[in-house]
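Working notes, beginning with the structure itself.
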Number of protein chains: 2
Amino acid sequence: MQDAPSRPYHHGDLRRAVIETALDMLREEKGWQFTLREVARRAGVSHAAPYKHFSDKAALLAEIAMIGFDRLRESLSAAKSEAPKTLRDEITPLARAYVAFGTDNPALYRLMFSAEEGKAVGMHLNERALAVFDVLVEILRRGQAAGSIRKRPIEGQAAAGWGLIHGMTMLAIDGLLVPEKVGSAPLDAALSTLLEGLGNPAPQQ
Amino acid sequence: MQDAPSRPYHHGDLRRAVIETALDMLREEKGWQFTLREVARRAGVSHAAPYKHFSDKAALLAEIAMIGFDRLRESLSAAKSEAPKTLRDEITPLARAYVAFGTDNPALYRLMFSAEEGKAVGMHLNERALAVFDVLVEILRRGQAAGSIRKRPIEGQAAAGWGLIHGMTMLAIDGLLVPEKVGSAPLDAALSTLLEGLGNPAPQQ
DNA sequence: AATACATTGTTGACACTGGCTACTTAAGGG
DNA sequence: CCCTTAAGTAGCCAGTGTCAACAATGTATT
């Protein structure tokens, strides 16, 4: 990590630098144009340098998408509340963190869910995506065990949860959650409806 | 509409043909690479011909996105049941038609929700997108009036509905609704949860 | 009917970008 | 001192959007 005014011939840690630069680009531009040359340019290296670390554009993209899922998971872990009293207390911060991740990294989030960007990679990618799904399943399972959640097939409940959050995230990214139509806090409102669908009639608010 | 072996110099209705060809392409390829030249090629005209009907690539794209929303609306109208007895009977076919539209036209659906593909167009595009939203609001409003739906702010309920359907559609397009994780009929299951969140406790199933 | 005009196509080219591939050059490690 | 690694330079090749000039066809006007 040398910061010498005249950079040394060898960058030292270009692989990481390229990934970081790419992530920065995806954070800034919603518009999804991603060129290797541009990444190299912004990383301050020649346009062919990345090829020493990534066999292919698709390879870089795939790795970035995976990292995206990892970071999403970190965001969710960080947002996890310690001793949630109600299901709402448990889910709300997670949902907010999820949507925030999407709106903070619009192009990255789209990339993560574009699939078929490498076929063979698809498997691993799906694994990581479905790992996020598992977090939700876990919460619901505990909720059912504790009796705060209706006894329904968990997959269906989790599908509803993931679908809702994913959908709200996408709509938010696309600027479609305009307040005039959808109210001031659409996510919270939607969550309320979801929670009423998940929770047992009695105890929940 | 002449089918003469040697096509006449003038296509006759190229504008429509270009749009139709483009829609075909978007229906086939999930992978979202869309070039004017390819459209022209497949439409059987020279690569510059489309410029007589569309000032710009963005213009064509914008028009196609709008048509996409129109067709989505038609699909929904066609799926509307006549005399639905329950809220579930009313919403299920609509939701299925919505998701089916997405999975049948993956690239088109993505295009419709990519926004910023023309800025100025964004307004009109959003109008049409939100028109779909209004369909949902209408159903919910009647449901509330009839007493089959909880009295909550409608925007929130509609946001939950749209978010859920949109999210499920996206997940389906991306092949993320794998049965092992998410069950055999994830949409129906998710709808059940949603409906339990929307409906009043007593009458609903 | 003949001619002018507007439409709608074709051809060809330009500018540019972008992925990728040699080949060359620096630097560090055995 | 050599050899591997990691960077730079140069360039190829394929596309793409777009424009300008030309050709065919239909339409209106005289």
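Note that the structure is a prediction, hence the values are computed from the model and not measured. Just so you know, these numbers use all the heavy atoms, side chains as well, and skip hydrogens, waters and symmetry mates. Naming: A, B, ... by sequence-line order, numbering from 1 per chain.
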Within less than 4.0 Å of OP1 or OP2 of D:dT16, is there a side-chain N or O belonging to B:Arg41?
yes
Between B:Leu14 (CG) and C:dT8 (C1'), how many Å, whole number?
9 Å
Closest non-hydrogen atom pair between B:Leu191 and B:Ala95, with its separation
CD1-CB, 3.6 Å
Rounded to whole Å, how long is the line connecting atom CG of B:Leu60 with atom P of D:dT18?
11 Å
So, for A:Ala160 and B:Leu164, which heavy atoms are closest and what is the spacing to 0.1 Å?
O-CD1, 3.2 Å
I need the CD-P distance between A:Glu38 and C:dT17, as an integer number of Å.
11 Å
Below 6.0 angstrom between ring centroids: does that apply to B:His166 and B:Tyr109?
yes
Looking only at the side chains, is there a donor atom on one of B:Gln157 and B:Gln144 sitting less than 3.5 Å from an acceptor on the other?
yes
Taking the inter-plane angle between the rings of B:Phe113 and B:Trp162 on a 0 to 90° scale, is it parallel (under 30°), tilted (30 to 60°) or perpendicular (over 60°)?
tilted
B:Arg37 (side chain) and D:dG15 (base): donor-acceptor pair under 3.5 Å:
no
Residues from residues 42-52 of chain A sitting under 4.0 Å of DNA chain C, heavy atoms only?
A:His47, A:Ala48, A:Tyr51
Once you apply a heavy-atom cut-off of 4.0 Å, does A:Phe54 come out as touching a base, just sugar-phosphate, or nothing?
nothing
Let me know the distance between NE2 of B:His53 and C1' of C:dA6, rounded to the nearest Å.
14 Å
Please report the distance, rounded to the nearest Å, between CZ in B:Arg15 and C1' in C:dG9.
16 Å
Where the side chain of A:Thr35 is defined as all heavy atoms beyond and including C-beta, which of C:dG18, D:dA6, D:dT18 is the nearest nucleotide?
C:dG18
Whole angstrom value for the distance that separates C1' of D:dT16 from CG of B:Asp56:
13 Å
Could you state the CD-P distance from A:Gln33 to D:dG17, rounded to the nearest angstrom?
14 Å
Run the salt bridge (charged side-chain N to carboxylate O under 4.0 Å, His left out) test against A:Asp56 and tell me which residues pass, sequence neighbours left out.
none
Got a salt bridge between A:Asp24 and A:Arg42, using NZ or NE/NH1/NH2 to carboxylate O under 4.0 Å?
no
Taking atom P of D:dA7 as reference, at what distance in whole Å does atom CZ of A:Arg16 sit?
13 Å
